[in-house]
Amino acid sequence: MATFSQSTIERGSDMVQDFLCSACDDKKLEVSADYYCESCVKFYCQKCIHLHGQLFTNHASHGRTDMQQWPVSKKVEDFFLKCDVHKEENLAMFCKDHRQLCCNRCAFLNHRQCKTLMFLSELVKITSTDLKQLLVTMKTTLAELKELQDNQEAGIRRVQISFDEQLHTIQVTREKIIAVLNMLEKKTLNEMKDTLATIQAYLKSDVDQCATLRHELKQLGDALQDISYTSMQELSLIATLKCQDKIQQFKKYRRNCAQVKSSITFHPNSEIMQCLSKSSGLGRIEPSNHFLTVLRNQDQVIMIEGKSEYYVRKQGSPHRKLTCAIEDICVLPSGQVLVVDSQNNTINLLNQQYQIVRHRCVSNGPWGICQITPTEVAVTCGKEIQFIKVNNSQLVEDWKLPLQHKCRGIANLYGDLLVTSGTALYQYSLGGKLVIKLHKDESDQETVWSCAVSLTCDKLYLTNRSKDKLLTLAMDGSVLSTFMDPHLISPSGVHVTPAGLVLVCGSKSNTILQVDSKGSRKLATLATETDGIDCPWSVCYNSNTDSMIVGQMKNKILVYKVK
């Protein structure tokens, strides 16, 4: 029996066939085979084929230069034939709608609505293959992929190097600004010291004059005491005139001295403070050309290629269609999909076939969901936000953040939380501190429903269900644009894809629209009622599968393949 080395499959991408010598394998020796005997249906190494040739002179053996005569290993055969999703099932069909190979279970679960589903036994009759050319193409593709991976890895290193270099530049810039401030401080201190010296010199002159007058008046006073009993009229007159003269000098000095302000006041330069407070940073950050290309393509229109429908059912109810309301959707970097169902008060974790593998009940809601970390999400429930971790396909409640108002939509902004209440948009820190109330509209109960953040984090998008509007706000809450369209009635969910594309649901118009990054005009109507849309409440882009997921008030979600 032919033996196939474990290295073929278990090494993953290293798909190099390595057959073992059957005779050596019987002796528990792992020796690579060099020949295959059709008569024996066994493999032999150089040593064993010599003995085999002496015993069986009429057997035909094929060396490695003639490997097309060697059989395909069972492991290789299973590697190709087994379904990637249902490992125990063989591939049996091909769906032309989705261009996917599928087993019988895949066909039943995911492709029942597809128009062109063919058995492989029929497809092989009308399809030709050229494995040699395919091998050449595979080798070329692998080489190109390796080059691309090397370039991307080099890009990671380059961007880290540039980050470190620019970090140093930022520190140097900061030091220069501090040096300028130090210089201004020194000049101000010198000016204040000069002012101090001038005032003190002036006051010292007064002090000296005061001391001189005081000394002269004291001398006159002492001398006057000595002649107070004399009868000499002329001496008394002279003493009186001298004393009166000094007293007049003192009174004149006192009047002048009272007008001097002996204090120093510092008035800060408000222009410097205003200039620093208005600055957005120490400088301008410019992303790489690749990222700039992504930014320039934010208004590229999405193209729909195909659609799949999936019923959302609770565990334990495989045959019963539950009424559900998929209020919001979140796709984690791992590819796991989380949906919030307000009708059944659950947060559901879906697998790659969009089947519920885990759910967690909450007391109120839920309404909105957003990613906080690669394995943690925040969910709005009633008047609180619940933080839930996804750990080995388990939903673990972490902690709760109570607020003073209803919580509807939610989005992550640099670690802060944007939360809508139905009539207002708030920004909170993760600790629950209110940063700012960005927007309010109390003309109705559903004027501030769902929210999203632009790719460049300089704009916010809000849906106003009551007035059929999509608002675009600046980061200070001011309204930049208001979008209305006949195909957007009662807009519910709004979502920004990883490429910056803006998607919005019309819950009563049964539409999914794409608008430009400014939120001012419609780029395309991506899906309508004729495409299966029925009361959509949420939309989310899954970059792992290049698909658009639409949550509805009905029992199923729609997944549109896009390009």
Side-chain angles (χ1 to χ4, degrees), residues 294 297-304 325-333 335-342 350 354 366-372 377-380 408-413 417-420 425 448-465 469-473 483 485 487-488 490-507 509-520 522-527 531 533 535-553 557-562:
V294 173
N297 291 337
Q298 287 182 83
D299 295 339
Q300 182 179 356
V301 177
I302 288 177
M303 302 299 291
I304 304 293
I326 307 302
E327 297 280 349
D328 208 354
I329 306 169
C330 178
V331 180
L332 298 179
Q336 294 171 299
V337 179
L338 289 159
V339 299
V340 291
D341 180 358
S342 62
L350 310 183
Y354 300 97
W367 297 98
I369 186 171
C370 74
Q371 179 186 329
I372 302 299
V377 295
V379 182
T380 56
R408 295 290 183 181
I410 188 170
N412 186 347
L413 176 65
L417 296 175
L418 297 175
V419 183
T420 66
L425 173 65
V448 187
W449 192 254
S450 182
C451 62
V453 182
S454 69
L455 177 66
T456 49
C457 293
D458 61 346
K459 293 184 289 293
L460 307 175
Y461 305 102
L462 291 179
T463 54
N464 183 330
R465 297 190 64 231
K469 296 178 180 178
L470 174 69
L471 300 180
T472 303
L473 309 182
F483 172 76
D485 190 90
H487 295 106
L488 186 67
S490 189
S492 48
V494 59
H495 175 71
V496 177
T497 74
L501 311 181
V502 183
L503 310 178
V504 61
C505 304
S507 61
S509 54
N510 295 327
T511 52
I512 305 295
L513 269 58
Q514 181 184 348
V515 301
D516 67 336
S517 58
K518 295 181 180 179
S520 59
K522 180 175 70 174
L523 296 178
T525 301
L526 301 178
D531 302 306
I533 299 294
C535 196
W537 276 78
S538 54
V539 61
C540 182
Y541 188 84
N542 187 345
S543 57
N544 296 282
T545 58
D546 287 328
S547 57
M548 181 178 69
I549 309 172
V550 179
Q552 305 184 115
M553 284 291 287
I557 60 175
L558 305 177
V559 179
Y560 293 87
K561 190 70 176 176
V562 303

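The main-chain N or O of Ile326 is found under 3.5 Å from a side-chain atom of Ser538 such that the two form a donor-acceptor pair. Formation of a donor-acceptor pair under 3.5 Å by the Asn542 side chain with backbone atoms of Ser547 is not found in this model. The backbone N or O of Cys370 lies less than 3.5 Å from no partner atom in the side chain of Asn412, so there is not a single donor-acceptor pair. The backbone N or O of Arg408 sits less than 3.5 Å from a side-chain atom of Thr380, completing a donor-acceptor pair. With His487 contributing its side chain and Leu513 its backbone, the two residues share no donor-acceptor pair below 3.5 Å. Side-chain atoms of Thr472 come within 3.5 Å of backbone atoms of Lys518 as a donor-acceptor pair (strictly under, hydrogens ignored). Side-chain atoms of Ser492 come within 3.5 Å of backbone atoms of Pro536 as a donor-acceptor pair (strictly under, hydrogens ignored). One N or O on the side chain of Tyr461 and one on the backbone of Ser517 form a donor-acceptor pair closer than 3.5 Å. For the pair Gln514 (side chain) and Gln300 (backbone), a donor-acceptor distance under 3.5 Å is present. The main-chain N or O of Cys535 is found under 3.5 Å from a side-chain atom of Asn510 such that the two form a donor-acceptor pair.
The heavy-atom pair separating Phe483 from Ser520 by the smallest distance is CD1-O, 3.7 Å. Closest heavy-atom contact between Pro333 and Asn544: O-OD1, 3.5 Å.
Considering OG1 of Thr497 and CG of Asp546, their distance stands at 10.5 Å, rounded to 0.5 Å.
The salt bridge (charged side-chain N to carboxylate O under 4.0 Å, His left out) check on Lys561 picks up nothing, with sequence neighbours excluded.
Counted by atom type alone, Ser507 and Ser490 present one or more donor-acceptor pairs between their side chains at under 3.5 Å.
Partner of Val494 under the side chain to side chain contact (heavy atoms under 4.5 Å, CB included) criterion, out of Val539, Leu470, Leu471: Leu470 alone. Between Tyr560 and the options Asp531, Ile549, Ile302, a side chain to side chain contact (heavy atoms under 4.5 Å, CB included) holds for only Asp531.
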